[in-house]
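Since the structure comes first, as structure tokens, the remarks are kept for the end.
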Amino acid sequence: MKYALVTGGSRGIGRAICLKLAAMQYPVLINYKSNHDAANETRLLVEAIGGKAELMPFDTSNAKEADEAVSLWQEKHEGDSVAVLVNNAGIRMDSMMVFMQNEQWHQVIDTTLNGFFYVTRRLLKDMLTSRWGRIINVASLSGLKGLPGQTNYSAAKAALIGASKALAQEVGPRKVTVNVIAPGFIETDMTRDLDEKQLKQMIPAGRFGRPEEVAALAGFLASDEAAYITGEVISVNGGLYT
Ligand code: NAP
């Protein structure tokens, strides 16, 4: 069986992507860090639309944890592989750089960028041998434009974009595509503390996006129709920045 793994699949954008891929008949592996109830809720939502889902908790910033979780799954699933990988897990720890602590810098970069490396490296081999794979990385407007108060987050997301473009060229000959989705402001827990009323005045579409609107693009990039799209960064931001 060909599975889809979504890191940070318990909530927000990741949850919507789990549901989209499940609707495309992929059994889904829901990764999360600690929010077991939310992950379980995603699993139930997938099952409610007739899909299959398994929970796969691990901290993407921890190489050993990520490795062990993938190994354990592979041992239990002989003959199965992950054909669609969505590197979506990410956190914000905003601060002006002058006040930023080492921990704020490292945790944000470790979760997004190192997480992408630890998980993707492990799953690439199967995609390369089966000559089909989809890697979808969730970056951000912040990684394209840079946002004040987010030097850590902008650095992590911009680096993810660079790594994706390099990897796309490495694995293109084996029919594995690597693309990046760069959301603008999307209604999730991550943006709950932002002043939506004020921020939406800057957005041509006049509103925050919905997780499902990001998931729709992830579904397309995971499909056969997107076979000739690789190394791209596609924004889902209501026209906020292009
Ligand atoms: P969210 O609602 O805060 O959810 C974050 C998800 O990431 C949760 O599933 C969380 O798991 C998981 N996660 C966090 N740290 C993790 C770790 N170390 N290991 C494994 N999983 C971890 O965030 P979101 O808004 O859906 O964001 C999803 C992605 O989109 C992120 O990469 C974010 O940077 C990006 N993005 C979001 C927006 C936006 O406006 N919302 C805009 C641009 C980009 P737990 O439930 O266990 O905590």
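Remember, it's 1-based here, ligands and their atoms both numbered in the order they're listed.
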Under 4.0 Å from ligand 1, counting heavy atoms only: the protein residues, by chain and number
Gly8, Gly9, Ser10, Arg11, Gly12, Ile13, Asn31, Tyr32, Lys33, Ser34, Asn35, Phe58, Asp59, Thr60, Asn88, Ala89, Gly90, Ile91, Thr111, Val138, Ala139, Ser140, Tyr153, Lys157, Pro183, Gly184, Phe185, Ile186, Thr188, Asp189, Met190, Thr191
Any pair counted as side-chain hydrogen bond (donor to acceptor under 3.5 Å, both in side chains), so long as it reaches residues 169-182, sequence neighbours left out
none
Summary of side-chain hydrogen bond (donor to acceptor under 3.5 Å, both in side chains) pairs that have at least one residue in residues 5-14, sequence neighbours excluded:
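Every side-chain hydrogen bond (donor to acceptor under 3.5 Å, both in side chains) pair that includes a residue of residues 5-14, provided the two are not neighbours, is Arg11-Asp189.
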Determine the minimum heavy-atom distance between Thr188 and Gly12, stating which atoms define it.
CG2-CA, 3.8 Å
Which ILVMFWY residues are connected to Val28, directly or by a chain of links, through side-chain heavy atoms under 4.5 Å apart?
Val6, Ile13, Ile17, Leu21, Met24, Tyr26, Ile30, Tyr32, Leu55, Val84, Val86, Trp132, Ile136, Val138, Ile181, Ile186, Val214, Leu217, Phe220, Leu221, Ile229, Ile234, Val236
Please identify which of these residues, Asn88, Asn87, Asn31, meets the side chain to side chain contact (heavy atoms under 4.5 Å, CB included) condition with Leu5.
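Output: one option passes, namely Asn31.
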Please confirm whether the backbone N or O of Ile109 pairs with a side-chain atom of Thr112, one donor and one acceptor, at under 3.5 Å?
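Not confirmed, Thr112 side chain does not pair with Ile109 backbone.
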